[in-house]
Amino acid sequence: MALRGKRVLLIITGGIAAYKSLDLIRRLREKGAAVRCVLTPSAAEFVTPLSVSALSEDRVYQDIFSLTDEAEMGHIQLSRDADLLLVAPATADILARMAAGIANDLATTALLATDKPVMVAPAMNVWMWEHDATKANCALLAARGVGFIGPVQGDMACGEYGFGRMIDVPDIVDAVVRHFSGGALAGRRILVTSGPTHEAIDPVRYIANRSSGKQGHAVAAALAGLGAETILISGPTALPDPTGVTIIRVESARDMLAACEKALPADAAICVAAVADWRIKTAATQKLKKNGGGPPVLEFAENPDILKTLSKPGNKRPRLVIGFAAETENVVENAVVKRKTKKCDWLLANDVSPATGTFGGDANTIHLITADRDEAWPTMTKQQVAERLAGQIVDFFGTDA
Ligand code: CTP
């Protein structure tokens, strides 16, 4: 009865996956949760209020302008009485309205008025999920601390295939249980590097790379979501700060290393940043001018390797050091060698050749390499990669004395 005494306000919105919410109510209640439901008008086209009410053994809230509803339980109280607001299925429409702060029905009013955590299980057509508008809405909601459960890849009711399918009901229940377990990584301090580094040429120019920071930021958000004290050391990115992490902003590789060393000791370090391998040996202190002498010759110097430095044996070495390998060919072979050279514990290799769209994109295909494992993960969103990695970190510390 992992959810005994917990009150979940389940907001069911209108998608074909709404029928699964009936099973969700049943399984949350089996774990001991009290489930109260809000049904949007379009959800009521897919499931009947009667079945929702029968399974939740409570009345179903549908209408913000219903005098009876307001008399029995005002919408503000409805949203505050719960310990968690769970939107499942969450359509593209409700995610958009949540992101915009629109409160034009009972569901969105409860979501805007709440002072409690909110989790969503998105369900929609693959094109809708991959639309820039949805991506921007999800990024905004995630940055505000909304927990995402799924979606997953699969066949859709509309006949298409791809991301957007609601994650299976038992996985939603697991995520809710994890949410209430106080955080499986509570008490752990974890460093995450993210983004590119900028290496100065002169005061106005720099060398950079195409890293967006999305994967590193998603890892930090997932760890913080599990209760880890998360220190995110980030190069310049356009991303919002993930909720619940301590962010340290840096520019160059040397700054990033210094910030990491200062942030030690830590239980784990995860180097996701795309650190520039080289910097300009002596950056000009004044802007380089075209003075008729032809283009400048830039002399490079090698940057410190942060992952390698953190992996060095010693009493400050985190117990678990993880790297990400960006490869454009022979991904697994190169990554196996890279893990040994850098002496990190795990390496997540990904193909970043332009055709994959990994750099700057939202999906990633990972190969996890450890001393005794070689796991090919299916293509998933960067957020899902982060959640899966966080789950494996939980398992590691669970068995680590
Ligand atoms: N890394 C680091 N410091 C560097 C270079 C890389 O911490 N100066 C880390 C990255 O954060 C990543 C891992 O090392 O976790 C692998 O980075 P990658 O760019 O794939 O490898 P490189 O070491 O740069 O090797 P190469 O360019 O030869 O592929």
Side-chain angles (χ1 to χ4, degrees), residues 190-200 206-220 223 230-237 239 248-264 266 268-281 300-312 314 316-318 320-354 356 358-360 364-371 377 382 385-386 389-390 392-393:
I190 306 188
L191 309 187
V192 180
T193 70
S194 181
T197 62
H198 284 182
E199 308 296 331
Y206 57 82
I207 295 174
N209 60 64
R210 296 183 194 280
S211 167
S212 62
K214 284 182 185 170
Q215 185 63 79
H217 279 52
V219 168
L223 296 170
T230 309
I231 323 295
L232 175 61
I233 299 165
S234 176
T237 77
L239 301 174
I248 300 170
R249 289 189 186 76
V250 296
E251 291 253 331
S252 70
R254 288 189 296 175
D255 295 344
M256 190 174 269
L257 175 62
C260 286
E261 290 184 319
K262 200 167 161 207
L264 290 174
I270 309 172
C271 294
V272 197
V275 184
D277 291 320
W278 301 283
R279 65 178 182 277
I280 305 302
K281 194 167 181 189
F300 285 88
E302 194 163 337
N303 265 333
D305 190 316
I306 300 165
L307 178 63
K308 206 169 178 176
T309 311
L310 295 176
S311 299
K312 272 197 195 124
K316 279 210 165 172
R317 185 193 195 277
L320 181 62
V321 182
I322 303 174
F324 271 69
E327 302 292 345
T328 55
E329 57 181 352
N330 305 325
V331 177
V332 178
E333 294 82 346
N334 285 344
V336 168
V337 175
K338 204 174 263 184
R339 192 191 75 81
K340 287 192 181 139
T341 318
K342 301 213 182 206
K343 298 192 166 48
C344 60
D345 301 299
W346 302 354
L347 193 72
L348 282 79
N350 56 2
D351 187 345
V352 294
S353 45
T356 64
T358 302
F359 262 149
N364 212 347
T365 312
I366 293 288
H367 225 99
L368 170 70
I369 290 151
T370 74
W377 294 2
K382 289 182 175 172
V385 167
L389 176 61
Q392 298 216 1
I393 294 172

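In listed order, ligands and their atoms are each counted from 1. All values below were derived from every heavy atom in this structure, side-chain atoms included, with hydrogens, water molecules and symmetry-related copies excluded. Note that the structure is a prediction, hence the values are computed from the model and not measured.
Taking the charged nitrogens against the carboxylate oxygens, Asp305 and Lys343 have no contact shorter than 4.0 Å, which rules out a salt bridge.
Atom 8 (N) of ligand 1 has as its closest protein heavy atom Pro304 O, 2.9 Å. The protein heavy atom nearest to atom 3 (N) of ligand 1 is Ile306 N, 3.0 Å. For atom 9 (C) of ligand 1, the closest non-hydrogen atom of the protein is Leu307 CB, 3.7 Å. In this structure, atom 16 (C) of ligand 1 lies nearest to the protein heavy atom Phe324 O, 3.0 Å. Closest to atom 4 (C) of ligand 1, if we only count protein heavy atoms, is Val275 CB, 3.5 Å. Among all non-hydrogen protein atoms, the one lying nearest atom 27 (O) of ligand 1 is Asp277 OD2, 3.2 Å. Atom 20 (O) of ligand 1 has its closest protein heavy atom at Lys338 NZ, 2.6 Å. Protein heavy atom in closest approach to atom 15 (O) of ligand 1: Cys271 O, 2.6 Å.
Residue contact check for ligand 1: Ala326 places a non-hydrogen atom closer than 4.0 Å to it. Contact analysis puts Lys342 in contact with ligand 1, with a non-hydrogen atom separation below 4.0 angstrom. In this structure, Asn303 does not count as a contact residue of ligand 1, since none of its heavy atoms falls inside 4.0 Å of the ligand.
Inter-residue side-chain proximity for Thr197 and Val250 is flagged as unmet; no heavy-atom pair is nearer than 4.5 Å. With contacts defined as side-chain heavy-atom distances shorter than 4.5 Å, the pair Leu191/Pro318 does not qualify. Looking at Pro196 and Thr237, their side chains come closer than 4.5 Å, going by heavy atoms from C-beta outward. Arg254 has its side chain within reach of Asn303: a pair of non-hydrogen atoms, C-beta onward, lies under 4.5 Å apart. Residues Pro304 and Arg279 form a side-chain contact, since some pair of their non-hydrogen atoms from C-beta on lies under 4.5 Å apart.
Taking the six-membered ring for Trp and thresholds of 30 and 60 degrees, Trp278 and Phe300 have ring planes more than 60 degrees apart, a perpendicular arrangement.
Close contacts between ligand 1 and Ala325 involve ligand atoms 20 (O) [criterion: under 4.0 Å to a heavy atom]. For ligand 1, the atoms lying closer than 4.0 Å to a non-hydrogen atom of Gly323 are 15 (O). Residue Ala273 has at least one heavy-atom neighbour below 4.0 Å for each of these atoms of ligand 1: 10 (C), 11 (O).
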Inset, instruction - Please lay out, stage by stage, how Gln392 and Leu368 fare under the test side-chain contact (heavy atoms from CB on, under 4.5 Å). - result: CA-CA 11 Å; Gln392 298 216 1; Leu368 170 70; 3.2 Å; yes
Inset, instruction - For Glu261 and Thr309, run side-chain contact (heavy atoms from CB on, under 4.5 Å): C-alpha distance rounded to whole Å, both residues' side-chain angles, the deciding distance at 0.1 Å, then the answer. - result: CA-CA 9 Å; Glu261 290 184 319; Thr309 311; 3.5 Å; yes
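Annotation for Arg317: atom CZ counts as buried by contact number, over 12 foreign heavy atoms lying within 6.0 Å.
Atom 29 (O) of ligand 1 is flagged as protein-proximal [any protein heavy atom, distance under 4.0 Å].
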